[in-house]
Amino acid sequence: MFNSKTVIGTEIRHTATTGSTMDDVARLASDGAPEGLVLSADTQTSGRGRHERSWESEPGEDVLASVLFRPRAAVAGEINMLLALAIAELVEDQCDVRSSIKWPNDVRVDGAKVAGILLESAQDANGLSVVAGIGLNVNSLMRKRSPGGTQAVSMRELSDTTFDRDVLLVDLLGRIDTLYAQVRAGGTVVPAWRDRLETLGQEVEVTFTSGSGAANAISGVAEDVDASGRLIVRDENGRAWPVAAGEVTLRRDGS
Ligand code: ATP
(Lines give C-alpha, C1' and ligand atoms only; values in the text may rest on other atoms or scores of the structure.)
Protein backbone atom coordinates (compact mmCIF):
# COMPACT_ATOMS: atom_id res chain seq x y z
CA MET A 1 0.00 0.00 0.00
CA PHE A 2 1.33 3.45 -0.92
CA ASN A 3 1.08 4.96 2.54
CA SER A 4 2.32 1.97 4.47
CA LYS A 5 5.29 2.34 6.78
CA THR A 6 8.49 0.35 6.64
CA VAL A 7 10.09 1.70 3.55
CA ILE A 8 13.17 3.14 5.21
CA GLY A 9 15.63 0.55 6.49
CA THR A 10 14.06 -2.53 4.93
CA GLU A 11 17.60 -3.30 3.78
CA ILE A 12 20.52 -2.25 5.97
CA ARG A 13 24.03 -2.95 4.74
CA HIS A 14 27.13 -2.43 6.78
CA THR A 15 30.74 -1.82 5.85
CA ALA A 16 33.77 -1.54 8.10
CA THR A 17 35.56 1.19 6.16
CA THR A 18 34.70 3.26 3.14
CA GLY A 19 35.51 6.64 1.64
CA SER A 20 32.00 8.02 2.03
CA THR A 21 28.69 6.23 2.40
CA MET A 22 27.23 9.07 0.28
CA ASP A 23 29.23 7.97 -2.76
CA ASP A 24 28.50 4.29 -2.17
CA VAL A 25 24.74 4.79 -1.93
CA ALA A 26 24.74 7.17 -4.92
CA ARG A 27 26.41 4.39 -6.93
CA LEU A 28 23.90 1.81 -5.68
CA ALA A 29 21.08 4.22 -6.56
CA SER A 30 22.28 4.64 -10.13
CA ASP A 31 22.43 0.83 -10.36
CA GLY A 32 18.72 0.75 -9.46
CA ALA A 33 18.79 0.12 -5.68
CA PRO A 34 15.36 0.39 -4.06
CA GLU A 35 14.13 3.23 -1.90
CA GLY A 36 14.91 2.73 1.76
CA LEU A 37 18.30 1.09 1.33
CA VAL A 38 20.69 2.09 4.11
CA LEU A 39 24.46 1.76 4.21
CA SER A 40 26.26 2.33 7.49
CA ALA A 41 29.99 2.40 8.10
CA ASP A 42 32.29 2.07 11.10
CA THR A 43 34.74 4.49 9.54
CA GLN A 44 34.80 6.90 6.64
CA THR A 45 38.12 8.01 5.24
CA SER A 46 36.59 11.03 3.46
CA GLY A 47 33.36 11.76 5.29
CA ARG A 48 31.95 15.07 4.14
CA GLY A 49 29.41 17.71 5.03
CA ARG A 50 28.03 20.48 2.88
CA HIS A 51 30.31 22.48 0.58
CA GLU A 52 32.89 19.67 0.71
CA ARG A 53 33.68 20.31 4.37
CA SER A 54 34.91 17.23 6.16
CA TRP A 55 32.93 15.13 8.64
CA GLU A 56 35.19 13.79 11.39
CA SER A 57 34.50 10.79 13.54
CA GLU A 58 36.41 8.31 15.67
CA PRO A 59 36.50 4.86 14.05
CA GLY A 60 33.76 2.55 15.25
CA GLU A 61 32.15 4.99 17.66
CA ASP A 62 29.39 6.82 15.79
CA VAL A 63 26.47 6.41 13.43
CA LEU A 64 27.64 7.16 9.90
CA ALA A 65 25.00 6.17 7.41
CA SER A 66 23.36 7.11 4.13
CA VAL A 67 19.74 6.43 3.25
CA LEU A 68 18.29 6.26 -0.25
CA PHE A 69 15.00 8.04 -0.92
CA ARG A 70 13.11 8.01 -4.21
CA PRO A 71 10.57 10.72 -3.42
CA ARG A 72 7.91 12.40 -5.48
CA ALA A 73 9.00 15.99 -6.14
CA ALA A 74 6.37 17.34 -3.73
CA VAL A 75 7.80 15.27 -0.88
CA ALA A 76 11.51 15.80 -1.58
CA GLY A 77 11.65 19.22 0.10
CA GLU A 78 10.70 17.78 3.49
CA ILE A 79 13.39 15.10 3.67
CA ASN A 80 16.03 17.26 5.32
CA MET A 81 13.46 18.48 7.84
CA LEU A 82 12.13 15.05 8.73
CA LEU A 83 15.66 13.74 9.21
CA ALA A 84 16.58 16.61 11.52
CA LEU A 85 13.38 16.10 13.46
CA ALA A 86 13.88 12.33 13.78
CA ILE A 87 17.44 12.79 15.04
CA ALA A 88 16.47 15.59 17.42
CA GLU A 89 13.74 13.40 18.92
CA LEU A 90 16.05 10.40 19.18
CA VAL A 91 18.72 12.38 21.01
CA GLU A 92 16.15 13.90 23.30
CA ASP A 93 14.55 10.57 24.18
CA GLN A 94 17.81 8.67 24.59
CA CYS A 95 19.79 11.31 26.44
CA ASP A 96 17.05 13.09 28.36
CA VAL A 97 18.13 16.51 27.11
CA ARG A 98 16.43 19.22 25.09
CA SER A 99 17.69 19.25 21.51
CA SER A 100 17.23 21.94 18.91
CA ILE A 101 17.77 22.42 15.21
CA LYS A 102 20.01 25.04 13.72
CA TRP A 103 18.42 25.92 10.41
CA PRO A 104 18.25 24.03 8.20
CA ASN A 105 19.37 20.75 9.67
CA ASP A 106 22.13 20.66 12.28
CA VAL A 107 20.96 18.98 15.47
CA ARG A 108 22.37 20.65 18.55
CA VAL A 109 22.22 20.52 22.32
CA ASP A 110 23.11 23.71 24.17
CA GLY A 111 24.80 25.10 21.07
CA ALA A 112 26.96 22.02 20.42
CA LYS A 113 26.43 19.96 17.28
CA VAL A 114 25.49 16.36 17.90
CA ALA A 115 24.58 15.47 14.32
CA GLY A 116 24.93 16.71 10.78
CA ILE A 117 22.83 15.82 7.75
CA LEU A 118 23.81 16.00 4.11
CA LEU A 119 21.44 15.63 1.15
CA GLU A 120 22.54 14.97 -2.40
CA SER A 121 20.07 14.50 -5.26
CA ALA A 122 20.35 12.98 -8.70
CA GLN A 123 18.06 12.19 -11.57
CA ASP A 124 18.49 8.70 -12.94
CA ALA A 125 16.56 6.25 -15.10
CA ASN A 126 14.29 5.56 -12.11
CA GLY A 127 13.55 9.26 -11.52
CA LEU A 128 14.66 11.45 -8.64
CA SER A 129 16.92 9.91 -6.03
CA VAL A 130 17.94 11.64 -2.82
CA VAL A 131 20.81 10.27 -0.77
CA ALA A 132 20.66 11.46 2.82
CA GLY A 133 23.79 11.22 4.93
CA ILE A 134 23.64 11.15 8.70
CA GLY A 135 26.60 11.75 10.95
CA LEU A 136 25.51 11.26 14.55
CA ASN A 137 28.05 11.58 17.35
CA VAL A 138 27.27 8.59 19.52
CA ASN A 139 30.22 7.29 21.55
CA SER A 140 33.02 9.56 20.29
CA LEU A 141 34.50 12.02 22.71
CA MET A 142 33.80 15.22 20.81
CA ARG A 143 33.72 18.04 23.33
CA LYS A 144 37.40 18.84 23.06
CA ARG A 145 37.74 18.25 19.33
CA SER A 146 35.73 21.12 17.80
CA PRO A 147 35.98 19.90 14.19
CA GLY A 148 36.25 22.85 11.80
CA GLY A 149 35.78 25.23 14.72
CA THR A 150 32.27 23.87 15.36
CA GLN A 151 31.45 23.07 18.95
CA ALA A 152 30.55 19.38 18.98
CA VAL A 153 29.18 16.89 21.47
CA SER A 154 28.25 13.19 21.48
CA MET A 155 25.31 11.32 22.95
CA ARG A 156 27.69 9.61 25.35
CA GLU A 157 28.87 12.95 26.65
CA LEU A 158 25.29 14.14 27.00
CA SER A 159 24.12 11.15 28.97
CA ASP A 160 27.17 9.43 30.51
CA THR A 161 26.07 6.27 28.72
CA THR A 162 27.61 4.34 25.86
CA PHE A 163 25.19 3.22 23.19
CA ASP A 164 24.87 0.22 20.92
CA ARG A 165 25.13 1.89 17.51
CA ASP A 166 23.14 -0.81 15.71
CA VAL A 167 20.21 -0.51 18.11
CA LEU A 168 20.34 3.26 17.80
CA LEU A 169 20.41 3.12 14.00
CA VAL A 170 17.34 0.87 13.92
CA ASP A 171 15.54 3.20 16.34
CA LEU A 172 16.43 6.20 14.17
CA LEU A 173 15.38 4.52 10.93
CA GLY A 174 12.02 3.65 12.49
CA ARG A 175 11.47 7.31 13.36
CA ILE A 176 12.49 8.41 9.87
CA ASP A 177 10.18 5.79 8.37
CA THR A 178 7.22 7.02 10.42
CA LEU A 179 7.75 10.67 9.49
CA TYR A 180 8.36 9.83 5.84
CA ALA A 181 5.10 7.86 5.74
CA GLN A 182 3.27 10.86 7.19
CA VAL A 183 4.72 13.18 4.57
CA ARG A 184 3.95 10.77 1.73
CA ALA A 185 0.39 10.57 2.98
CA GLY A 186 0.05 14.35 2.53
CA GLY A 187 1.12 15.47 6.02
CA THR A 188 3.92 17.88 6.79
CA VAL A 189 6.71 18.03 9.37
CA VAL A 190 7.22 21.78 8.96
CA PRO A 191 5.38 22.87 12.17
CA ALA A 192 7.17 20.30 14.37
CA TRP A 193 10.50 21.15 12.77
CA ARG A 194 9.83 24.89 13.11
CA ASP A 195 9.11 24.46 16.83
CA ARG A 196 12.66 23.20 17.33
CA LEU A 197 14.44 25.87 15.31
CA GLU A 198 16.83 27.78 17.54
CA THR A 199 17.65 30.10 14.63
CA LEU A 200 14.38 32.06 14.70
CA GLY A 201 14.74 35.53 16.19
CA GLN A 202 18.52 35.48 15.80
CA GLU A 203 20.77 37.84 13.87
CA VAL A 204 22.15 35.85 10.97
CA GLU A 205 24.41 36.35 8.02
CA VAL A 206 23.49 34.24 5.04
CA THR A 207 26.16 33.48 2.49
CA PHE A 208 25.05 32.31 -0.93
CA THR A 209 27.73 30.49 -2.84
CA SER A 210 27.23 30.30 -6.59
CA GLY A 211 28.41 27.42 -8.75
CA SER A 212 31.54 29.42 -9.64
CA GLY A 213 32.39 29.77 -5.94
CA ALA A 214 31.57 33.51 -5.75
CA ALA A 215 29.85 34.44 -2.47
CA ASN A 216 27.14 36.98 -1.67
CA ALA A 217 25.93 37.73 1.82
CA ILE A 218 22.90 39.30 3.46
CA SER A 219 22.52 40.11 7.14
CA GLY A 220 19.35 40.40 9.11
CA VAL A 221 17.05 38.75 11.56
CA ALA A 222 15.79 35.21 10.94
CA GLU A 223 12.13 35.99 11.29
CA ASP A 224 10.30 32.83 10.35
CA VAL A 225 10.19 29.89 7.96
CA ASP A 226 7.65 29.50 5.19
CA ALA A 227 5.59 26.44 4.27
CA SER A 228 8.45 24.94 2.31
CA GLY A 229 11.01 25.45 5.07
CA ARG A 230 12.71 28.49 3.60
CA LEU A 231 14.16 30.87 6.20
CA ILE A 232 12.72 34.37 6.03
CA VAL A 233 15.50 36.84 6.77
CA ARG A 234 14.58 40.51 7.21
CA ASP A 235 17.46 42.85 6.39
CA GLU A 236 18.06 46.29 7.90
CA ASN A 237 16.05 47.91 5.07
CA GLY A 238 13.01 45.91 6.08
CA ARG A 239 13.18 43.66 3.05
CA ALA A 240 12.33 40.00 3.61
CA TRP A 241 14.50 37.43 1.85
CA PRO A 242 13.28 33.84 1.58
CA VAL A 243 16.36 31.62 1.82
CA ALA A 244 16.27 28.03 0.65
CA ALA A 245 18.34 25.33 2.36
CA GLY A 246 21.14 23.96 0.28
CA GLU A 247 22.38 27.26 -1.08
CA VAL A 248 23.57 28.90 2.06
CA THR A 249 25.74 28.99 5.12
CA LEU A 250 24.59 30.73 8.30
CA ARG A 251 26.96 32.69 10.47
CA ARG A 252 26.58 34.86 13.59
CA ASP A 253 24.28 32.29 15.05
CA GLY A 254 26.10 31.24 18.13
CA SER A 255 27.88 28.36 16.39
P1 ATP B 1 28.11 24.40 10.10
O2 ATP B 1 27.64 23.29 10.97
O3 ATP B 1 29.59 24.63 10.20
O4 ATP B 1 27.31 25.62 10.26
P5 ATP B 1 27.05 22.95 7.85
O6 ATP B 1 25.70 22.79 8.43
O7 ATP B 1 27.10 23.29 6.42
O8 ATP B 1 27.90 24.04 8.59
P9 ATP B 1 27.69 20.17 7.80
O10 ATP B 1 27.63 20.02 6.35
O11 ATP B 1 26.54 19.62 8.58
O12 ATP B 1 27.91 21.66 8.18
O13 ATP B 1 29.00 19.46 8.38
C14 ATP B 1 30.31 19.88 8.14
C15 ATP B 1 30.86 20.70 9.28
O16 ATP B 1 30.54 20.12 10.55
C17 ATP B 1 32.37 20.74 9.26
O18 ATP B 1 32.82 21.81 8.51
C19 ATP B 1 32.76 20.88 10.73
O20 ATP B 1 32.69 22.23 11.08
C21 ATP B 1 31.64 20.20 11.45
N22 ATP B 1 31.92 18.80 11.86
C23 ATP B 1 32.69 17.85 11.27
N24 ATP B 1 32.64 16.68 11.93
C25 ATP B 1 31.79 16.89 12.98
C26 ATP B 1 31.31 16.08 14.04
N27 ATP B 1 31.64 14.79 14.16
N28 ATP B 1 30.47 16.64 14.94
C29 ATP B 1 30.09 17.92 14.84
N30 ATP B 1 30.51 18.74 13.87
C31 ATP B 1 31.34 18.24 12.95
Side-chain angles (χ1 to χ4, degrees), residues 19-23 40-67 79-81 83-88 90-91 95 97 99-121 130-158 163 165 168-169 172 193 196-200 202-209 213 215 217 219 222 225 229-231 233 243-255:
S20 157
T21 59
M22 296 300 288
D23 297 336
S40 77
D42 290 332
T43 309
Q44 295 184 121
T45 52
S46 355
R48 63 173 183 271
R50 299 191 307 158
H51 312 296
E52 299 300 323
R53 296 184 193 125
S54 70
W55 187 262
E56 297 172 25
S57 171
E58 286 173 25
E61 300 290 3
D62 300 314
V63 167
L64 304 166
S66 292
V67 183
I79 292 176
N80 70 329
M81 297 183 245
L83 283 164
L85 191 57
I87 297 172
L90 175 84
V91 169
C95 301
V97 290
S99 63
S100 60
I101 298 169
K102 176 191 155 195
W103 186 91
N105 59 11
D106 283 357
V107 180
R108 310 210 302 183
V109 175
D110 287 335
K113 185 162 164 176
V114 66
I117 296 163
L118 177 67
L119 257 60
E120 293 178 349
S121 306
V130 176
V131 180
I134 298 162
L136 172 61
N137 299 329
V138 178
N139 294 320
S140 277
L141 296 175
M142 297 302 304
R143 270 199 173 119
K144 291 200 179 127
R145 290 183 55 177
S146 298
T150 305
Q151 233 192 304
V153 72
S154 68
M155 292 178 65
R156 174 179 169 187
E157 289 166 319
L158 291 170
F163 293 88
R165 288 179 302 144
L168 216 52
L169 179 62
L172 178 60
W193 170 79
R196 285 186 185 268
L197 281 181
E198 59 179 53
T199 312
L200 298 185
Q202 294 203 3
E203 280 277 341
V204 295
E205 183 178 275
V206 182
T207 309
F208 300 82
T209 312
S219 298
V225 285
R230 292 181 305 177
L231 191 66
V233 179
V243 177
E247 303 167 2
V248 301
T249 304
L250 281 188
R251 287 296 168 244
R252 284 202 221 154
D253 57 352
S255 66

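Only heavy atoms go into these numbers, but all of them, side chains included; no hydrogens, no water, no symmetry mates. Note that ligands are numbered from 1 as they come in the structure, with each ligand's atoms numbered from 1 the same way. The first residue of the sequence shown is numbered 1, and numbering continues consecutively from there. None of the values given here were measured: they were computed from a predicted structure.
- Note: an N/O pair closer than 3.5 Å links R50 and ligand 1 by distance alone.
- For the pair N105 (side chain) and L118 (backbone), a donor-acceptor distance under 3.5 Å is absent.
- Judged by the shortest distance from any of its heavy atoms, S140 lies outside the 4.0 Å radius around the atoms of ligand 1.
- Under a 3.5 Å cut-off, the side chain of D106 and the backbone N or O of I101 do not form any donor-acceptor pair.
- Inspection of the S140 and E61 side chains reveals no N or O donor paired with an N or O acceptor under 3.5 Å.
- In this comparison of K113, M142, E61, E52, the heavy atom closest to atom 9 (P) of ligand 1 sits on K113.
- In summary, the atoms of ligand 1 found under 4.0 Å from a heavy atom of G148, numbered by their order in the structure, are 20 (O).
- For ligand 1 and D106, the ligand atoms under 4.0 Å from any heavy atom of the residue are 1 (P), 2 (O), 4 (O), 6 (O), 11 (O).
- When only modelled atom types and interatomic distance are considered, R108 and S99 share no side-chain donor-acceptor pair under 3.5 Å.
- When only interatomic distances are considered, the shortest N/O to N/O separation between G49 and ligand 1 does not fall below 3.5 Å.
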If you apply the rule side chain to side chain donor-acceptor pair (under 3.5 Å), what do you find for E157 with S154, and how did you get there?
CA-CA 5 Å; E157 289 166 319; S154 68; 3.2 Å; yes
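- In this structure, K102 counts as a contact residue of ligand 1, since one of its heavy atoms falls inside 4.0 Å of the ligand.
- Each of the following atoms of ligand 1 lies closer than 4.0 Å to a heavy atom of A152: 28 (N), 29 (C).
- Look at N137 and you'll find a heavy atom under 4.0 Å from some atom of ligand 1.
- Between R156 and D62 there is no salt bridge, since none of the side-chain N atoms of the basic residue sits less than 4.0 Å from a carboxylate O of the acidic one.
- Side-chain contact between K102 and Q202 is absent, with no heavy-atom pair separated by less than 4.5 Å.
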